[in-house]
Engineer: 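Supplied in structure tokens, the structure appears directly below.
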Amino acid sequence: MGNAGHTSSSGLDSIESITSAISSTSRALNLRDMMRRATQAAARNIEPVGSGGPGDISPPNMEEGGAAVPAVAQIPSLSWPPEPLDPTSGDEDSILGVKSKDKLPVSDGQERRTAALASLKLICESPVFANHLESLLAGLDAQSNTPFMGSVVHRAYPASLVLMDAASRVARESSHHSETQKTTLMSMIYPATSHANSSPLHVICCNDTCSFTWTGAEHINQDIFECRTCGLTESLCCCTECARVCHKGHDCKLKRTSPTAYCDCWEKCKCKSLIAGHQGARFDVLCRLISETDLATKPNSRDENILLFLVQTVGRQMVEQRQYRPTRPRKTASRKSTAPADSADPEMPDHDLEPPRFCRRALERLLNDWPAVSAMLSTGSKLSQASATGPTVYEDQAFLASQSGTALLDKFSHCLLVKCSAEMLDTLLTTLIRQLQTTTQDVTKQADAKVVVRRFVRSVARIFVALSIETAPGQNKKKSPASAVQPLQRCKRVFQAIINLSIEELCETGNALL
């Protein structure tokens, strides 16, 4: 009876220890802590079987005349199954089995990136994966991206270089025919079934940083967008870079009112444009995509060439970044959202960085590449051999036919002449003149080059006529400012640089105007 009483008292002690632990601390205990404390309290009050001391639950002695009672098993220790590990929680210590008391120091992000890059190099260079490397590099994820395309999307440009080296090596070893090697390479870089807007060349040029990284909470005059998908409406908005990256495919539209603002993308969603990535490796990837692939000649889903995108982007960024003041103190952004702030809200990102200037380097590089320039200046052209043997047409109809399909080309010429610097125009003229001079021995290439150059001259002539009409003096017009005269001077610069072909095209243009 005494033993039974003692057993019941130990159970009460366990219960009391739980209630006292709960009442003695201000923080709430979870069920696991309660079970652990109950186990510890029970263990303190249990002694080995047959010890005869307090808490002994051995059966009574048979000599005392009592009936034989079966031995009571010792109280099992209480335990709780371990929680499932969440690989996205960042708790690497629990995965490695390191206890909380002796945790290893957590390495910083740079060390982790270095280790991941070394692991990637080891996999790509290991002979164990040699036979399977092509299938690994050509595999697609849920977004239909190959590993190389995914590295560009996530701005891991050093990893992109490693993957491109491996893809080039696999392509060279796959066959001795250049066309087969090119097909194999493109299956790992940009498969034929991929979406037109997923081209790595277009993506790498879109991956500029958010304008908040260099404006902070200071309002500047910039193009702003609203995204109904993410709730960026009313007073909230996002910049052009975030609209192209973070809100790609969303219900995102340009706001026509109140263009003076700063980007709020980081406040409502996980902004992907806050990290620039390694800019040196980014430019190296760009140069290799231009020289080793034909992506510079492939348009996007709207039939826009990469040069048109870069010219428009550079023109816009030059206007927006004129408002950048490196010595100006940055304001602290106050949250515009009416939702209550909690621990889950993101911290304010860095907003003292330099404005992005990668697109200027990319534009200059692509203007030096003849295939890219030829693809841009030939956009919308409808050349056919049937026209030479077809029925006779009137002269005005032939002239109109030569001017058709030039909307995107005129956009490119206008942005280059009006919004970009004169150095960009000189780079393009140098490329055109070089192509005309280096193809004198090849009649076919010389003829193709002249067709492309003539098409550009006609586009510049149309821009020149439109600008001349706008700046023409009138009764109610004031004298045109110097900024309006500069595009006209650049048009004349084009005519002078390519004088032989410009004379013919200007005569035809003048005849058409008459």
Engineer: Distance-only, no hydrogens or angles: does the Ser144 side chain make a donor-acceptor pair with backbone N or O of Leu140 under 3.5 Å?
Structural biologist: no

Engineer: Among all residues two or more places apart in sequence or in another chain, which pass the ring-ring contact (aromatic ring centres under 6.0 Å, His included) test with His247?
Structural biologist: His250

Engineer: Can you find a pair of side-chain heavy atoms, one from Tyr190 and one from Thr293, that are under 4.5 Å apart?
Structural biologist: no

Engineer: Taking only distance into account, with no hydrogens and no angle test, what donor-acceptor pairs under 3.5 Å do side-chain atoms of residues 297-305 form with protein atoms, sequence neighbours excluded?
Structural biologist:
| from | atom 1 | to | atom 2 | distance (Å) |
| --- | --- | --- | --- | --- |
| Thr297 | OG1 | Asp294 | O | 2.7 |
| Asn300 | OD1 | Arg302 | N | 3.1 |
| Asn300 | OD1 | Asp303 | N | 3.3 |
| Asn300 | OD1 | Glu304 | N | 2.8 |
| Ser301 | OG | Asn197 | OD1 | 3.1 |
| Ser301 | OG | Asn197 | ND2 | 3.0 |
| Arg302 | NH2 | Glu304 | OE1 | 3.3 |
| Asn305 | OD1 | Leu307 | N | 2.9 |
| Asn305 | ND2 | Ala296 | O | 3.4 |

Engineer: Could you state the interatomic distance from OG (Ser135) to CE (Met188), rounded to the nearest 0.5 Å?
Structural biologist: 10.5 Å

Engineer: Students often mix this up, so state it plainly: with edges at 30° and 60°, are the rings of His219 and Tyr262 parallel, tilted or perpendicular?
Structural biologist: perpendicular

Engineer: Check whether any side-chain heavy atom of Asn207 sits under 4.5 Å from a side-chain heavy atom of Tyr157, and report yes or no.
Structural biologist: yes

Engineer: Could you check whether any side-chain N or O of Ser126 sits under 3.5 Å from a backbone N or O of Ile123, counting only pairs where one atom can act as donor and the other as acceptor?
Structural biologist: no

Engineer: Quick one: do Glu292 and Arg288 make a salt bridge, cutoff under 4.0 Å?
Structural biologist: yes

Engineer: Going by the angle between their ring planes, with limits at 30° and 60°, are Phe495 and Phe464 parallel, tilted or perpendicular?
Structural biologist: perpendicular

Engineer: Among all residues two or more places apart in sequence or in another chain, which pass the side-chain hydrogen bond (donor to acceptor under 3.5 Å, both in side chains) test with Glu423?
Structural biologist: Ser421

Engineer: Other residues, nucleotides and ligands only: do more than 12 of their heavy atoms fall within 6.0 Å of CZ on Arg228?
Structural biologist: no

Engineer: So, Arg282 versus Gln279: side-chain donor-acceptor pair below 3.5 Å or not?
Structural biologist: yes

Engineer: Please report the interatomic distance NZ(Lys272) to CG(Leu274), rounded to the nearest 0.5 Å.
Structural biologist: 12.0 Å

Engineer: What's the separation between atom CG in Asp284 and atom CG in Leu289, rounded to the nearest 0.5 Å?
Structural biologist: 11.0 Å

Engineer: If you round to the nearest 0.5 Å, how far is CG of Asp426 from CE of Met424?
Structural biologist: 11.0 Å

Engineer: Atom NZ of Lys121 and atom CG of Leu117: how far apart are they, to the nearest 0.5 Å?
Structural biologist: 5.0 Å

Engineer: Is Glu504 salt-bridged to Arg454, cutoff N-O under 4.0 Å?
Structural biologist: yes

Engineer: Can you tell me if CG on Leu254 sees more than 12 non-hydrogen neighbours from other groups inside 6.0 Å?
Structural biologist: yes

Engineer: How are the rings of Phe283 and Phe358 set relative to one another: parallel (under 30°), tilted (30 to 60°) or perpendicular (over 60°)?
Structural biologist: perpendicular

Engineer: Out of Ser168, Ser174, Ser175, which one pairs with Arg172 under the side chain to side chain contact (heavy atoms under 4.5 Å, CB included) rule?
Structural biologist: Ser168

